[in-house]
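Because the structure is a prediction, the values reported are computed rather than measured. In what follows, chains carry the letters A, B, and so on, assigned in the order in which the sequence lines appear, proteins first and then strands, with residues in each chain numbered from 1.
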Amino acid sequence: MSTKGIYTALSGSLAQSLKMDTIANNIANANTTAFKRDQQVFNEYLNSFEKEQEVNTVPRNLASIESFYHMNGGDQAAVNAKGTYTDFNQGALKRTGNPLDVAIEGKGFFEVLTPQGVRLTRSGNFSLDANGQLVNKEGHPVLKQVAEGATNADVNSRIIQFSGQREVQISDGGEIMDGTENLGKISIVNVMNPDSLQKVGSNNYGFKENMAPEIVQVKVPSLRTGHLEGSNVNIVQEMTDMITTQRAFEATQKAINAYDAMADKLVNVVGKVNP
Amino acid sequence: MIKSLTTAATGMAAQQTNMDVIANNLANSSTAGFKRARAEFEDLMYDNRLQPGAATGLNSYTPTGVQTGMGTRTAAIQKDFTTGGANVTKNPLDLQIEGSGFFQVRTPDGELAYTRDGSFKKDAGGRIVDKNGNSLIPEITVPNIAQALEITHEGEVRALVGETGAPQILGNIEIVNFVNPAGLKAVGKNLFVQSPSSGQPNVGRPGTNSMGYLAQGQLETSNVNIVDEMVNMITAQRAYETNSKVIQASDQMLQTAIQVK
């Protein structure tokens, strides 16, 4: 016998610890505007797949224990963190009454111009900066749609500039009004392949390399002005996940303990040399 | 595991800030012209264990990658400048701006400060001052022979003097507006000062440039909604507790790991 299975148990511990980190982040962001919860996905990793397929040789090898209990490498399997999935379900809308708080109903993202390029966000707690630009909480400008028939697609021309002298308003259809002047429509984009988005912090989403995001401009956005989208973290679910994670972690530790006890027997009982 | 401990700690710190803001709102629920604040949070950077889009074989890429977040932080404490209610006091020097705008006062250090609190008084010389003795700008002095004081919606201050009660124009109250009033810095005593993110003040007569008209004999109440704050307090407290539970669970997991040997 051997104790190589201890590494299988160890991989389980590491996986549960990773899951715990994710749950801690979800709970820490339970009050973050438009936060979307993450889930870790694990899969079984079989070392046997690394080997060549076995070919029966003639004459056959001598039968061994392994021939009868062929584990296909299952005894050497490990848990592997496969991916982090973001749950893009709608968070609850909360009324704030601030005319520059905008929540998206249904799918879609706002576009903001950061020094790293255009980023997407669902967090619509905007304000005006000293120059009258509509900016997010980081001070990065929010973008509007390219004007109808305009050939100039430069992102800087899509920054929303208010005069600061008149009442500002964003309609539920996305029309940006500076007094009675219509500045255009706020840009809402749909990402057909949400797996291509990557969280980059500050409530923003960036794009992954090698994956086409398939961005589609939403012509008529469905917004709620004066509302903010809450986080879609469900505390009850996270707490339950936390309990199962903690217990699974303890169970893998028990397995490590058991291997330890077996090795102890092997070394100190089986291998005991009588004086 | 250590990461989940610090992640939960950022969550607790954030909820603590949230609670501080709510406590200040509730404490000022009867302060004239007070504007409620709201803490806003955002997620921190992410640790990429497995780069999204990393190659896993010929022409195949991991669709999602493996990311764990580092927690949350307070992105902003946003002042909500919605108008409060009206409290009719009948005091001739109580003014409310019905709409956007701020009164200007000069603080003892000579700087201009801005306020929505229109409970003005007269000092010994008859000058119109706020509760703390900062004079209203432009300065207006009410003569001691004035029988009554009248302030129009547009800010014209008239005193009725003499036995005939002939109106005498004393001056005009001007109010200011900012491009981004939420960028003003609150300095206490119901005063705000200009900051780089608020923009330059635009001075004007009440009722022009989308600023509100004045209303004499009433005060603006605080715009704190007690029910809202109570609900926010409950969610903040529960979120705080939940984060502390995460710390407990992480601690127990660490303990289990330690007990293996």
Open item on the list: With side-chain hydrogen bond (donor to acceptor under 3.5 Å, both in side chains) as the criterion, how do A:D38 and A:T86 come out once you've worked through the C-alpha distance, each side chain's angles and the decisive distance to 0.1 Å?
Closed with: CA-CA 4 Å; A:D38 287 325; A:T86 306; 3.0 Å; yes

Need one label for [X]: side chain, backbone, both or neither, based on atoms under 4.5 Å from any heavy atom in chain B.
X	answer
A:K94	side chain
A:L100	neither
A:E138	side chain
A:Q40	side chain

Open item on the list: Can you tell me which portion of B:Q78 sits under 4.5 Å from chain A's heavy atoms? Options are side chain, backbone, both or neither.
Closed with: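 The answer is the side chain of B:Q78.
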
TODO: Side chain from CB out, backbone as N, CA, C, O: work out which of these in B:N232 comes under 4.5 Å of a heavy atom of chain A, or both, or neither.
DONE: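 Just the side chain, heavy atoms under 4.5 Å.
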
TODO: Please report the shortest heavy-atom distance between B:D251 and B:L5, naming the atom on each side.
DONE: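 Minimum heavy-atom separation between B:D251 and B:L5: N-CD2, 4.4 Å.
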
Task: Backbone of B:R36 reached by a side-chain donor or acceptor of B:N25 within 3.5 Å - done: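 Side chain of B:N25 to backbone of B:R36, a donor-acceptor pair under 3.5 Å: no, none is there.
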
Closest-packed option against chain A by number of heavy-atom pairs under 4.5 Å, given [options]:
options	value
B:T82, B:N202, B:T74, B:L44	B:N202
B:M70, B:R238, B:Q15	B:Q15
B:A75, B:A257, B:G199, B:A14	B:A257
B:K245, B:M211, B:Q252, B:R38	B:R38
B:N225, B:N177, B:T72, B:D47	B:T72
B:V260, B:T235, B:D80, B:T68	B:V260

Can you tell me how far the [atom1] atom of [X] sits from the [atom2] atom of [Y], to the nearest 0.5 Å?
X	Y	atom1	atom2	result
B:N48	A:Q198	CG	CD	5.0 Å
A:L113	A:I160	CG	CD1	11.5 Å
A:R37	A:D241	CZ	CG	6.5 Å

Open item on the list: salt bridge (charged side-chain N to carboxylate O under 4.0 Å, His left out) for B:E42 and A:K137? Distances and angles first, verdict last.
Closed with: CA-CA 9 Å; B:E42 63 183 19; A:K137 280 290 162 302; over 6 Å; no

Open item on the list: Taking the ring of B:F192 and the ring of B:F81, is the distance between their centroids below 6.0 Å?
Closed with: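 Yes, the ring of B:F81 comes within the 6.0 Å limit of the ring of B:F192, centre to centre.
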
Open item on the list: A side-chain contact here means heavy atoms from C-beta on lying under 4.5 Å apart; do A:V191 and A:F88 qualify?
Closed with: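 No; the side chains remain at least 4.5 Å from each other.
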
- [ ] Please report the C-alpha distance between A:S123 and A:N125 in whole Å, then the side-chain angles of each, then the deciding distance to 0.1 Å, and finally whether the side-chain hydrogen bond (donor to acceptor under 3.5 Å, both in side chains) criterion is met.
- [x] CA-CA 6 Å; A:S123 156; A:N125 45 356; 2.7 Å; yes

- [ ] Sort out for me which residue in A:T121, A:L120, A:V135 forms a side chain to side chain contact (heavy atoms under 4.5 Å, CB included) with A:V112.
- [x]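 Exactly one option meets the side chain to side chain contact (heavy atoms under 4.5 Å, CB included) with A:V112, and it is A:T121.
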
Open item on the list: For A:F249, does the six-membered ring have the charged nitrogen or CZ of A:K19 within the cation-pi criterion, i.e. under 6.0 angstrom from the centroid and within 45° of the normal?
Closed with: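 The answer is no, since A:K19 fails at least one limit relative to A:F249.
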
Open item on the list: If you count heavy-atom pairs within less than 4.5 Å of chain B, which of A:V200, A:I243, A:V41, A:T96 leads?
Closed with: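 That would be A:T96.
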
- [ ] Name the option with the most non-hydrogen atom pairs under 4.5 Å to chain B; the candidates are A:N203, A:V233, A:L197, A:N204.
- [x]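 Result: the option with the highest number of such pairs is A:N203.
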
TODO: For chain B, find its close neighbours in residues 23-33 of chain A: heavy-atom separation under 4.5 Å, sorted by number, or none.
DONE: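 Under the 4.5 Å heavy-atom cut-off, A:A24, A:N25, A:I27, A:A28, A:N29, A:N31, A:T32, A:T33 qualify.
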
- [ ] Evaluate the criterion side-chain hydrogen bond (donor to acceptor under 3.5 Å, both in side chains) for residue pair A:S13 and A:Q253; output intermediate values, then yes/no.
- [x] CA-CA 7 Å; A:S13 298; A:Q253 297 294 324; 3.1 Å; yes

